[in-house]
Structures are given as C-alpha cells and as structure tokens.
Amino acid sequence: MTMREALNLALDQALAHDERVFLLGEDIADPGASGPTKGLSTKYGTERVLDTPISESAIVGAAIGAAMEGFRPVAEIMIMDFIGIAADQIINNAAKLRFMTGGRTSAPITVRTQVYGGIGTGATHSQSLEAWFMHVPGLKVIVPSTPRDGKGLLTSAIFDDDPCIFVETIRLGPQRGMVPVDPGFSIPLGEADVKRPGSDVTLISYGRGVVEALGAATQLEADGVSAEVLDLRTLVPLDVAAMVESVGRTTRAVVVHDAVQFAGPGAEIAAILQRELFGRLSAPVERVGARFVPNPAPPALESQVYPSAQRIVAAVRRTLGLESAKTGAHG
Amino acid sequence: MTMREALNLALDQALAHDERVFLLGEDIADPGASGPTKGLSTKYGTERVLDTPISESAIVGAAIGAAMEGFRPVAEIMIMDFIGIAADQIINNAAKLRFMTGGRTSAPITVRTQVYGGIGTGATHSQSLEAWFMHVPGLKVIVPSTPRDGKGLLTSAIFDDDPCIFVETIRLGPQRGMVPVDPGFSIPLGEADVKRPGSDVTLISYGRGVVEALGAATQLEADGVSAEVLDLRTLVPLDVAAMVESVGRTTRAVVVHDAVQFAGPGAEIAAILQRELFGRLSAPVERVGARFVPNPAPPALESQVYPSAQRIVAAVRRTLGLESAKTGAHG
Amino acid sequence: MTADRTVGVSPEVQRRLYELMTLMKAADDRLSKGIASGELQCVYWPPRGQEAIAAAMGVCLRRDDQLVTNYRGLHDLIGKGVPLVEIYGEMLGRQTGSSRGKGGTMHIANPECGVMLSTGIVGAGPPVAVGLAMAAQRKGLDRVTVASFGDGATNTGSFHEAANMAALWDLPLVLLCQNNQYAEMTPTEHTMKISQVAHRAGGYGLPGVRVDGNDPLAVVAALTEAVDRGRSGGGPTLLECVTFRFRGHYFGDPMAYIPPERLAAALEADPIPRFRSRLRLAGICSEADLDEIEAAAVTAVEEALTAVLTAPGALVDELDRDVYADPRNCPA
Amino acid sequence: MTADRTVGVSPEVQRRLYELMTLMKAADDRLSKGIASGELQCVYWPPRGQEAIAAAMGVCLRRDDQLVTNYRGLHDLIGKGVPLVEIYGEMLGRQTGSSRGKGGTMHIANPECGVMLSTGIVGAGPPVAVGLAMAAQRKGLDRVTVASFGDGATNTGSFHEAANMAALWDLPLVLLCQNNQYAEMTPTEHTMKISQVAHRAGGYGLPGVRVDGNDPLAVVAALTEAVDRGRSGGGPTLLECVTFRFRGHYFGDPMAYIPPERLAAALEADPIPRFRSRLRLAGICSEADLDEIEAAAVTAVEEALTAVLTAPGALVDELDRDVYADPRNCPA
Ligand SMILES: Cc1ncc(C[n+]2csc(CCOP(=O)(O)OP(=O)(O)O)c2C)c(N)n1
Ligand SMILES: Cc1ncc(C[n+]2csc(CCOP(=O)(O)OP(=O)(O)O)c2C)c(N)n1
Ligand SMILES: [Mg+2]
Ligand SMILES: [Mg+2]
C-alpha cells in the first residue's frame with residue numbers, strides 16, 4: 001500500500017482499538033479530507049475526527065489539555081511551515097509539562113504535520129523544521145521513509161507517553177511498500193534501520209532523503225562503491241549506537257536530509273560522529289541538505305535546492321577522495 | 001558602562017540620528033521600562049518608543065509592515081521563550097520577503113529579545129533558541145558578549161538591510177566594559193573577535209558563554225594551558241574563516257553556549273570544523289552546551305544545566321587527552 | 001451596522017466596475033482552462049465568484065493605497081492594477097513574473113501598485129498590514145491599507161492581535177473579509193458560532209459592517225465609507241463581504257463537501273451576470289457595450305498569456321539572489 | 001450583561017469566603033515579608049488585592065472541577081485547595097513543592113485538586129483549558145474547567161483561538177478574566193480600545209459578563225451562573241472580574257507607573273476590609289470571629305512555611321527525571 005494508506009491504516013486502527021484516541025485538525029473530516037485522515041470521520045464520527053477552525057495554537061493546546069486527561073489526541077498541523085504558529089504550545093507546554101510538574105502531568109500528544117517541499121508551492125509551503133524540535137528537550141521527533149515505517153512509527157507515537165512530532169512528507173505519500181496490517185504492529189522509537197547494507201560509506205538519512213540515498217547507492221554500485229543506507233527513522237531518540245557502528249565499519253559518512261543543511265539535523269549527526277569516531281574516519285562527515293535559500297516555486301529551481309542522488313553521489317566521491325572537497329559544502 | 005547601558009545608548013543614538021527608527025514592544029516605555037529601553041520614551045516620545053498589547057505575533061508583523069515602508073523598527077520580544085509566538089512572522093514573512101518578491105520588498109527589522117537563563121525563573125523563562133533562526137535562510141542572528149560589542153552590533157543590526165534577531169542575555173546586563181560613545185561606532189556583522197589569544201586550544205563561543213570561556217581560560221593558564229577565546233558575535237553570518245584559522249593553529253576546539261547542546265549552534269560549528277580541518281585536529285571538537293533538560297527553577301539545579309568554567313576546563317582537558325572522553329558528551 | 005447604499009456611483013465608475021469584474025473573470029477562466037487541459041502548470045486558488053469585492057477595491061482605492069492579500073488574490077491583484085503579465089508570469093514561473101518567477105502564485109507583490117504582500121499563511125497578512133498603516137500614519141500620509149482575507153482567517157490569533165492593535169492606534173486600515181463561506185473544505189458555520197464575521201469588531205472597538213459581497217455597488221458604498229474613515233483619521237473598519245468561491249478551494253477541487261443546493265444557490269447569485277443585467281436595465285451599458293467589455297477582457301488576457309508563455313523561465317541563478325541584501329551573507 | 005446578584009449566599013459560605021480571602025492574604029503577606037527581608041528567595045508575582053475572585057472559585061467549584069491559572073496564581077491555588085506546603089515548597093525549591101521543587105513559582109500543578117496547569121506564558125493557558133473541557137465533555141462528566149488569566153492575556157491570539165473553539169463546541173469552560181487594570185507596567189487602556197473585556201465575548205457567540213471583582217458575593221453570583229451553564233451543557237462564559245494588584249507586577253515592583261490617586265482609590269476598594277465590615281454588619285460574623293479567622297490564617301501560613309523551610313531542597317538528580325517518561329530517551 002502507499003504511505004498515505006499506511007498512515008491512514010495506523011490512524012484507523014488506533015481509533016478502532018483505543019477510545020482514548022481522537023484526531024483534530026483543519027479539514028481532516030470527510031468529505032473534505034484528502035490526506036491520511038480520509039474516510040475516518042465517516043467511520044468513527046466527527047467527534048473522534050474533528051474539524052477545527054484555523055487556529056494552530058489552540059489545536060495543539062487543546063490536544064495537550066485532552067492528553068493531560070488521559071486521551072491520546074493526534075493533532076494535525078496541515079503543513080510544517082505553519083508549525084511556528086503552534087510552536088509556543090509545543091515547546092513551552094507539551095515538551096515541558098512532565099518535567100515542570102515533577103511527573104504529575106504530561107502531554108502524550110502526537111502532532112502530525114506534512115512537509116510540502118518539492119511540489120512547487122514556494123517558500124512558505126515547503127520547510128522541514130524538524131531540527132527545531134530536536135533542540136527542545138521533552139519532545140520526540142519522528143520522520144518515516146517507507147509505508148511500513150510510517151505505520152509502525154505512527155502507531156508507536158500515538159501510544160507513546162511523550163509528546164511526538166510526526167513529520168510526513170507529501171512526496172512520499174504515493175510511495176508503495178509492504179505494510180503489516182496487524183493492528184499490533186509497531187516500530188519502537190529510537191531504532192535506526194539499515195535500508196541497504198554496504199561497506200564503503202554510510203549514507204545516514206531519514207524521511208525522503210532515504211529515497212534519494214537509495215538511488216545514490218544504486219548509482220554508486222555501478223561504480224563499484226558499496227554504500228550502506230542507514231535510516232534514522234527518529235531524530236529523538238537518536239540511535240547513536242547504530243550510526244557509530246555503521247560508520248565505524250565504513251569509515252565514511254554522508255548525511256542526507258531535505259531540511260536546510262546549515263544548522264540542520266545533519267549538523268548534530270556530524271558533530272556526534274566526529275567525536276565518537278575521532279581518528280577512525282577516512283574522510284570528514286559530509287552533509288547533503290537543502291541549500292540555504294527560501295524555497296523557490298519553479299520546479300527547475302526547486303530541484304536545485306533539495307538533495308538529489310546526484311548531489312549525494314558527488315558527496316560520496318568526495319569522501320572517497322575522488323572529487324575535490326571544494327565542490328562545495330552544499331554537496 | 002554596563003551592557004544594559006550600552007544597548008540603551010545604541011538605541012538612543014539610533015533614535016536620535018535617524019527618524020526611521022522606532023521601537024515597539026511590551027512595557028518598553030517609561031515609567032514602566034526597566035531594560036535597555038529605559039528613558040527613551042521620555043526622550044523621544046511614546047510614538048517612537050511604543051508600548052504594545054501582549055501580541056508577539058502582531059508586534060513582529062507590524063514591524064515588518066513598517067520596515068517595508070522604509071522604517072527601521074526595533075521590535076522587542078521580552079523574553080526569548082516567547083519568540084515561538086512570533087515565529088511565523090519571523091520565518092515566513094521577515095526572512096523570506098526579499099527572496100519571494102525578487103527583491104521588491106524586504107523587512108529590515110531588528111527583533112531584540114532576552115535570554116533569562118540562570119536567574120531562577122524556570123523552564124519557560126530561560127531558553128536560548130538562536131539555533132532555530134540560524135536554520136532559516138534570510139535571517140541574521142547576533143548574540144553579543146560585551147557592552148562594546150552590544151552597542152556596536154545593535155547599531156549594525158538596526159541599520160542592516162536584512163532582518164536581524166538580536167539576542168540579549170539578562171545575566172550579562174550588569175556586566176561592565178569600555179564602550180565607544182561615538183554614534184558612528186558600529187561593528188560589522190559576521191566578524192568574530194579573539195577575546196583572548198592562545199595557542200593550545202580554541203574556545204569558540206558567543207554571548208554569555210564567552211564569559212565562562214574566559215574564566216576557563218584563566219584557570220587553564222594556571223595549568224599551563226594556553227586557551228584562545230574566539231567570540232563569534234554573530235551566528236549568521238558565521239565567521240568560518242576565523243574559526244578555521246584559530247582552530248587550524250591550536251588544533252583543538254571546544255564550543256561553548258547556553259543553548260541546549262543537542263542540535264544547538266555548536267553542532268553546526270563542530271560539523272564545519274571537522275570537515276574544514278579534517279586530519280589536522282589533535283582531538284575531536286568538544287561541545288559544552290546546556291544539558292538536555294527543561295530548565296529547572298532552583299539555583300542549585302540550574303547551575304548544573306548551563307556551561308561553567310569547570311565544565312569547559314574538563315572539556316579542554318579531554319581535548320588534551322588529560323581526562324577520559326567518557327566523562328560525558330555534555331561536558 | 002449596515003452600509004448606507006444611498007451613495008451614488010457614477011455611470012463611468014459602474015462601467016469600470018464591470019470592466020474589472022470581467023477582466024478578473026476572464027483571467028480566471030483562461031487560467032482554469034489552461035490548467036485543466038494541461039497547457040499551464042501551476043498551483044492556483046481561484047477567486048471566481050468574488051469579483052465584485054475586488055472590483056470595488058479597484059474603484060475605491062488610490063494607486064498609493066496599499067493592499068495585503070493572499071494566495072486567492074488574482075482578483076485583488078487585478079483590482080489593484082498589477083499587470084496581468086506579472087501575475088501570470090509569477091504563477092507560471094517566468095521572468096516576467098512580479099518576482100521574476102521565483103516567488104510563485106502565493107507570493108505576488110508589486111509595491112508600485114501598492115500591493116505589498118500576498119501571503120500563503122492564513123492570518124499572517126493583517127499584522128503586516130498594521131505595520132503598513134502605522135507607516136502611513138507616521139509619515140502623515142492620507143493613504144489607507146486594505147488587508148484582504150477570508151472568513152477562516154478570522155479564527156486565527158494573528159487576526160485578533162492585528163485587529164486589536166489597529167483599533168487601539170486608530171490606524172488607517174480596512175480589514176476586508178471576503179467571506180466565501182468556506183475555509184478549504186470546511187464551511188464557516190463549522191468553525192465559528194457567530195452568524196456574522198462583522199460581529200467580531202465589537203471585541204476591538206471598531207465598526208463592523210456586513211454587506212452583500214456579490215453586489216459591487218454595495219461593496220463600493222461600504223468600502224468608500226471605510227476608506228474615508230481611515231483616510232480622515234477615523235481608524236479602522238472591519239468590512240465583511242459575503243460571497244462564494246465557485247471553483248472550490250484549489251483548482252481541481254472536486255467540491256464534494258459543498259451541498260449541491262448550496263452551490264446552485266451561490267451560482268445563481270454570480271455577481272457578474274447579475275451586475276451585467278443591472279447595468280443594462282439602468283441604461284448604463286447597452287448589450288453591445290457589455291459584449292465589447294467582455295471581449296476586451298478576453299483579448300487582454302490572451303495577450304498577457306502569450307507574452308508570458310513566450311518569456312523565459314526563472315533563472316537558476318535566482319537562487320543566489322535576494323536571500324540577503326548582500327549575497328555574501330549566505331553560509332558557504 | 002451583568003450578573004444577577006439576587007442569588008443568596010449562605011452565612012456559612014460567606015464565612016468560608018472570608019476564611020479563604022484571609023488565608024490568601026496571609027500567604028501573600030508572609031511571602032512578601034520574607035522576600036523583602038531576604039529571608040526567602042524566590043521569584044513572585046503577588047495577587048494581593050484579587051482575593052475575592054479566587055475565594056469565589058473556592059466556594060463555587062467542586063474539587064473535580066479543573067483550573068488553569070498562571071504565574072500570579074497564589075490565590076487561585078489556595079482557592080482550589082492546593083496545600084500551602086506544596087505552593088510555598090515549589091516557590092522555594094523544596095522537596096515538599098508540588099513538583100518537588102523543580103518547576104518553580106510559575107509552574108504549579110496539583111491534579112488531585114484539579115489544578116492542571118500554571119503557565120508563565122501569557123495566553124498559553126486558555127487553549128489547554130479548552131482541551132481539558134473537551135476531555136470532560138467527551139467523558140460525559142459534569143465538571144467544568146476554569147481558565148484564569150489577566151486582562152492583558154485577552155490581547156493574545158491564543159486567547160482568541162481558545163475562546164472561539166470553546167464557544168463553537170459548547171465546552172464546559174469559564175474564561176475567567178481577572179482584570180487588574182494593568183499588564184506588567186502597562187495600563188489596560190493602553191492596550192485595548194474597548195471599555196470592557198467582556199465585550200470580547202460577542203466575537204465568539206458566548207455570554208460576556210462583567211462584575212466587581214472586589215466583591216466576593218458578586219463574583220460568586222456570576223461564577224455560579226457561569227459554572228451552572230457549563231455543567232448543564234450550556235457552553236462557556238467569559239467572566240470579567242474587575243480588580244487591582246496592590247503590589248505591582250512582580251514582588252519589588254516600584255510601581256512608578258501607577259498614578260498615586262489610582263493606587264489610592266484601588267486600595268480604598270481592598271476586598272478584604274470591605275468584606276470584613278460587610279460580614280460584621282450583616283451579623284454573620286462578630287469582631288471576635290473575624291479576628292479569629294485572620295489569626296487562624298496567619299497560623300496556618302506560619303506552620304506551612306516552617307514545614308517548607310525545614311524540608312530539603314530539590315535534588316540534583318531531578319535533572320535526570322521527567323524529561324521523558326523513560327529517562328533513557330535523553331541524548332547522552
Ligand atoms: C496558518 C495556516 N493554516 C492553514 C493553512 C492551509 N489553508 C490554506 S487556505 C485555508 C483556508 C482559508 O480559509 P479562508 O480564510 O476563509 O480563505 P479562503 O481560502 O476561503 O479565501 C487553509 C486552512 C494555511 N495556509 N495557513
Ligand atoms: C507571551 C508572553 N508575553 C509576555 C510575557 C511577559 N509578561 C508576564 S506577565 C505580563 C502581563 C500580563 O498581564 P495580564 O494578562 O493582565 O495579567 P496580570 O499579570 O495583570 O495578572 C507580561 C507581559 C509573558 N510571560 N508571556
Ligand atoms: Mg473562506
Ligand atoms: Mg492584568
């Protein structure tokens with residue numbers, strides 16, 4: 001099934017099996033719904049799949065309040081660029097409640113949001129801001145790359161006792177893959193997954209970057225380079241052990257993500273690897289992230305901004321000493 | 001004069017010399033004002049130093065609109081923890097206007113905001129979120145550590161043609177230093193400053209971290225270790241050349257900041273250094289940032305969270321091979 | 001509070017209103033046709049049905065009056081005088097675009113015409129409009145700023161903060177709500193309990209007016225009053241114009257969420273044929289006049305589109321421009 | 001709309017109101033004295049002067065009714081039954097604190113008493129209160145949630161979004177505005193043009209009521225009505241209680257921004273002596289009764305403070321707890 005169907009199935013089963021679960025957000029109920037919530041209000045009623053006003057701050061705030069009272073709300077922020085509007089509720093209430101109240105309250109919400117990059121909608125409908133939420137203690141940050149992971153991780157997020165930011169990617173929506181339909185299926189948060197084994201270089205990624213990394217790995221294979229693709233799946237908790245194990249073996253790493261490269265998730269990953277594997281790397285950790293520019297609308301320009309298999313291959317070649325490191329920090 | 005006075009002087013002179021400048025924010029006018037805006041409404045009138053409702057989003061939005069029309073508004077977000085409320089205006093309007101309109105509009109605003117960490121006000125009045133704004137193309141990010149830099153950089157920010165996030169630090173407010181009173185004095189954005197020369201290790205910092213780094217350098221001197229303290233002053237633009245020059249010489253780097261260490265500004269710095277100086281470092285780049293925890297209110301706990309000279313010294317000793325690297329990634 | 005309809009609108013202005021409305025409609029029709037056929041590729045949020053409001057802006061606002069609109073701004077932009085080549089050019093990513101093609105449909109500005117901002121973030125416009133109005137007030141100019149937004153936008157905190165500030169500071173601002181009865185797929189009655197958006201005005205201490213947004217003369221009357229109030233230092237107005245979007249939220253929207261009767265009734269109230277018959281009945285335009293106006297609109301649109309389609313696409317080196325004033329500020 | 005004052009309040013309840021008010025005042029006095037002398041170290045935003053409102057909550061709300069308050073919450077917390085050792089303990093960073101000392105003054109919660117959240121972010125409480133009220137509604141409970149906030153908070157977008165949702169969904173919520181006429185150093189008339197916060201209710205379609213917040217019986221009457229409405233499915237109410245904060249924004253505030261006449265008039269209307277004489281004149285309490293109530297309050301406060309000051313400080317290992325449900329989730 002497609003990623004969109006897999007996410008839909010996770011929501012569907014959560015609603016079916018646990019009455020504490022409800023969904024709220026803009027345009028998530030039928031007949032308007034078109035994303036992963038499609039069909040669910042018809043099945044479970046508009047009390048459990050609730051259209052809201054355009055009020056991102058109150059959507060998340062309301063989810064927090066309900067979560068404090070034992071519900072498992074799944075709030076949708078339609079597009080990740082809008083998450084700034086809800087940022088205060090996320091960072092100052094959801095992330096900190098458990099700590100600030102010494103464990104007497106907590107906000108086990110899931111905030112689902114979607115990255116629109118790469119489909120021509122321009123600068124304010126395209127940002128990947130997961131790095132923001134990695135930086136705020138108390139939140140978990142999840143970005144699936146396959147339908148299977150999407151279903152398994154969303155299920156875990158909904159039933160996790162901590163607030164989760166669950167980042168979906170519109171370009172992955174139609175992507176297909178095998179998905180266990182068993183409602184008991186879930187994937188633990190904090191476990192990276194080797195999407196392709198290899199021995200010469202590790203491509204560390206998450207979300208859509210994994211698809212580009214796999215594409216790059218295929219191209220590299222033709223050149224006799226064996227690339228391992230490690231899918232982090234969650235950025236918090238971050239599976240440092242898996243990264244260190246893989247890169248310790250391959251001695252080369254390229255981090256790939258659709259988020260802006262500068263001060264993005266890859267910076268933390270590179271900082272960890274250079275410390276944990278000091279003296280054991282054959283090349284510096286390379287990063288391939290979005291260029292430092294507001295996203296342009298025209299496809300011909302936009303395609304220059306996000307990681308592509310080609311840019312990843314170039315970065316890998318730099319780590320192999322096959323290309324000058326001066327080809328640019330932006331991969 | 002104190003940092004608070006230096007910032008006040010920068011604002012005062014900007015108001016005096018350029019009628020395009022005005023200030024807006026909560027409780028910034030006399031007789032209520034107590035921070036860097038004190039006295040200014042009395043001197044320039046409440047039209048130019050304007051109290052606003054508690055409406056962070058509209059404060060920044062209004063500044064943007066006025067800036068588009070040629071004004072040089074200085075908006076205050078009282079405490080940095082509240083900046084989430086204004087985040088949408090900052091990232092989707094201020095940062096992107098110039099690009100999205102092909103240069104036909106722009107928003108040369110300055111957003112002044114203050115970090116309250118370290119004074120016992122707890123988890124929601126203490127955060128250092130500058131990493132967020134580094135990650136958004138189009139913004140400049142400035143964090144002064146001395147009164148002189150405060151005045152010079154704030155002056156540059158106000159008259160800079162790009163939107164600037166200017167981060168003040170409450171614990172630095174009473175700190176004294178020599179400040180040029182000449183209204184023509186300014187410090188270019190993007191130039192790091194060696195606050196103390198040294199040869200064995202480079203302590204890279206900005207804002208309050210610089211004070212701790214200088215304290216650590218003094219302690220290290222007693223042990224015969226010569227530490228250079230490099231004050232970045234601005235995070236965007238980031239003076240990569242100065243970092244690379246200094247660390248290239250000392251071959252060791254410790255990055256220090258009050259922001260949470262994980263996915264903080266130090267991650268980007270470490271990622272850059274490990275790439276630019278691959279094979280030339282004697283030790284991994286160490287980071288000393290705030291612990292990964294919502295800030296606790298009691299001073300005895302809070303003092304464990306932020307970088308201290310002691311934690312920096314321990315990190316330096318790790319880079320010198322004098323202490324086990326396992327003493328913890330959190331310095 | 002209801003607008004006074006007794007204000008006279010000259011035959012010339014009425015004719016001009018119709019010219020604008022037909023131009024807006026022709027521009028929408030052509031774009032819609034082109035996208036539907038695959039001839040044109042762009043994202044598009046059609047304002048078809050809301051032309052009376054934008055046309056009223058076209059006759060009530062001066063060139064130096066300013067506008068903040070949004071993604072559904074085609075009609076507003078035309079009303080405010082932005083050349084069609086710039087609008088189409090931007091939507092289609094060409095160098096003739098208002099931003100040389102790199103901003104896209106949602107981000108069109110033309111400061112020379114007073115169009116300062118189009119925003120893709122619902123509710124993000126009014127605060128900026130507050131700042132523009134502050135600037136005019138500070139400069140002692142008698143111009144007004146119009147913030148144009150939808151019904152759904154009035155549920156955002158951003159709208160609230162802006163409306164409160166505008167009232168507080170007596171700003172020369174018109175908060176113009178184009179209430180098209182839906183926000184994306186959700187009808188307004190599912191997102192607010194009040195029966196009129198105009199009732200929100202009372203929470204700020206500014207006048208709230210509701211008019212038939214499909215009647216250009218009603219909008220002109222109310223807008224004239226609001227603009228005069230702003231210009232003369234009387235402060236802001238919340239003006240709600242009730243209308244409908246005939247093509248749904250985005251181009252291609254199947255509109256399954258609109259009850260057929262509701263859509264039919266809305267189409268029945270299409271402002272364009274309604275105003276056309278009015279002009280004829282009032283003897284302001286003959287059938288031939290009206291046909292000519294419509295034909296001229298179609299011609300203007302075709303000409304603009306041809307110019308756009310023969311223009312080169314946005315340059316890739318645009319990526320190195322306008323991130324900062326000085327490109328050297330970008331990280332390597 | 002003004003609250004109906006004819007609701008009778010029994011002598012017992014009136015006495016209870018006075019007990020609560022004097023306890024709130026004694027708790028404030030003692031803390032203020034201790035901070036002023038250097039005996040106690042903490043940040044503190046004193047509610048002195050606003051006791052009538054919180055006391056009314058104390059008698060109108062059930063234990064299972066929920067409260068969301070803020071940094072200026074000492075009186076509200078006492079009204080809702082949070083033990084003083086927990087409040088003082090939290091303010092002073094002791095293990096007896098509601099969060100074992102690590103949350104601090106601004107972040108006190110006690111779910112057993114229904115106090116779900118205190119927030120340091122102005123306006124951030126009402127959206128969470130919406131969620132709590134949704135939870136009650138979904139569970140079919142007849143409890144209400146009170147969101148308590150200041151006049152200044154009603155200028156935030158967050159308030160607007162929450163009020164709209166609460167009205168839309170008929171939530172069992174009371175939006176209780178303690179209008180103390182200032183937000184930090186800025187008088188309310190400098191931040192909104194409307195004369196009454198209650199007028200904001202019309203923008204959402206919920207009842208707005210304004211009462212004298214220094215008269216506990218007036219607040220009880222209005223709050224009873226609002227609570228009953230919420231409990232019985234009638235939806236939310238915006239209740240504005242007009243009062244004053246005698247000690248300024250934070251403890252130590254020099255209050256230079258308050259005109260002396262304004263402060264004097266406010267002090268004149270101090271709810272506590274006023275209610276004291278009323279109780280005496282109405283024959284509900286004798287002078288001796290009243291003295292005894294006041295003395296009991298002082299004793300209770302001293303006992304709590306002693307318990308707190310002899311309790312150990314928050315443990316450093318609290319840093320490893322409660323970041324996540326499972327501490328292993330923290331990055332190394
Ligand atoms: C802050 C924000 N939330 C959600 C969206 C997605 N969105 C785009 S248009 C829209 C509906 C807006 O409705 P309304 O304000 O009535 O304007 P209309 O589209 O009807 O003209 C929504 C929810 C957005 N762009 N921005
Ligand atoms: C979002 C936000 N902005 C600003 C502040 C700083 N601040 C703390 S209290 C306060 C005034 C609040 O006034 P009001 O809502 O009337 O409550 P009061 O303090 O008078 O009880 C302000 C501006 C804050 N805590 N949160
Ligand atoms: Mg609408
Ligand atoms: Mg107040």
Side-chain angles (χ1 to χ4, degrees), chain A residues 25-35 38 46 50-59 61 78-79 81-86 88-89 116 119-126 260-264 267 289-305 326 328-330, chain C residues 41-43 71 90-94 97 99-107 119-124 150-160 182-188 190-192 248-249 253-258 313-324 329-332:
Chain A
E26 296 154 19
D27 308 295
I28 66 168
D30 300 326
S34 58
K38 192 178 169 128
T46 50
L50 189 67
D51 272 341
T52 65
I54 306 175
S55 303
E56 281 80 7
S57 178
I59 289 169
M78 190 184 290
I79 306 186
D81 307 71
F82 315 155
I83 207 161
I85 302 166
D88 180 64
Q89 286 292 339
Y116 262 43
I119 59 165
T121 43
T124 62
H125 283 58
S126 55
V260 167
Q261 180 169 313
F262 190 78
R291 276 183 63 158
F292 196 81
V293 61
N295 194 48
L301 275 63
E302 198 178 21
S303 65
Q304 303 293 310
V305 169
K326 294 293 144 215
H330 281 100
Chain C
Q41 268 104 39
C42 66
V43 288
Y71 50 92
E90 196 55 36
M91 290 177 163
L92 296 165
R94 307 298 164 120
S99 316
R100 296 188 303 277
K102 69 189 186 178
T105 306
M106 286 196 270
H107 307 127
T119 169
I121 306 291
V122 173
D151 43 291
T154 70
N155 291 326
T156 66
S158 203
F159 162 80
H160 175 74
Y182 282 84
E184 291 216 347
M185 288 77 203
T186 307
T188 310
H190 288 189
T191 67
M192 58 184 83
H249 173 53
D253 181 350
M255 300 199 274
Y257 54 88
I258 306 183
L315 294 170
V316 170
D317 74 9
E318 286 292 348
L319 292 175
D320 299 319
R321 293 163 69 178
D322 307 320
V323 182
Y324 294 97
N329 284 313
C330 283

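A/Ala86 meets the side-chain contact (heavy atoms from CB on, under 4.5 Å) test with A/Glu56, A/Val60, A/Ile77, A/Ile90; sequence neighbours excluded.
A/Leu50 is not listed as a side-chain neighbour of C/His190, based on a closest heavy-atom distance of 4.5 Å or more. You'll find the side chain of A/Glu26 stays beyond 4.5 Å of the side chain of C/Glu184, heavy atoms only.
Contacts between A/Ile85 and chain C at a heavy-atom distance below 4.5 Å involve the side chain alone, from C-beta outward. With a 4.5 Å cut-off on non-hydrogen atoms, C/Val43 touches chain A through its side chain but not through its backbone. Neither the backbone nor the side chain of C/Tyr71 comes within contact range of chain A, judged by heavy atoms closer than 4.5 Å. Looking at C/Leu92, there are no atoms closer than 4.5 Å to chain A (heavy atoms on both sides), in backbone or side chain. Within the 4.5 angstrom heavy-atom criterion, no atom of C/Thr105 approaches chain A. A/Thr124 touches chain C through backbone and side chain together, each having a heavy atom under 4.5 Å away.
Between A/Thr52 and C/Thr191 the shortest heavy-atom distance is O-CG2, 4.0 Å. Annotation for A/Asp27 and C/Met185: closest pair OD1-N, 3.0 Å, computed over non-hydrogen atoms.
Here A/Pro31 is the residue among A/Pro31, A/Ala58, A/Ala33 with the most heavy-atom pairs under 4.5 Å with chain C. Among the candidates C/Asp320, C/Asp322, C/Asp253, the residue making the largest number of heavy-atom pairs closer than 4.5 Å to chain A is C/Asp320. Taking C/Val316, C/Thr119, C/Leu319, C/Thr156 one by one and counting their heavy-atom pairs under 4.5 Å with chain A, the maximum is reached by C/Leu319. Note on C/Ser158, C/Gly104, C/Gly101: by heavy-atom pairs under 4.5 Å with chain A, the leading option is C/Gly101.
At a cut-off of 3.5 Å, with distance as the only test, no side-chain donor of A/Ser55 or C/Asn155 sits close to an acceptor on the other residue.
Residues of residues 295-305 of chain A that come within less than 4.5 angstrom of chain C, heavy atom to heavy atom, are A/Pro296, A/Ala297, A/Pro298, A/Ala300, A/Leu301, A/Gln304, A/Val305 in numerical order.
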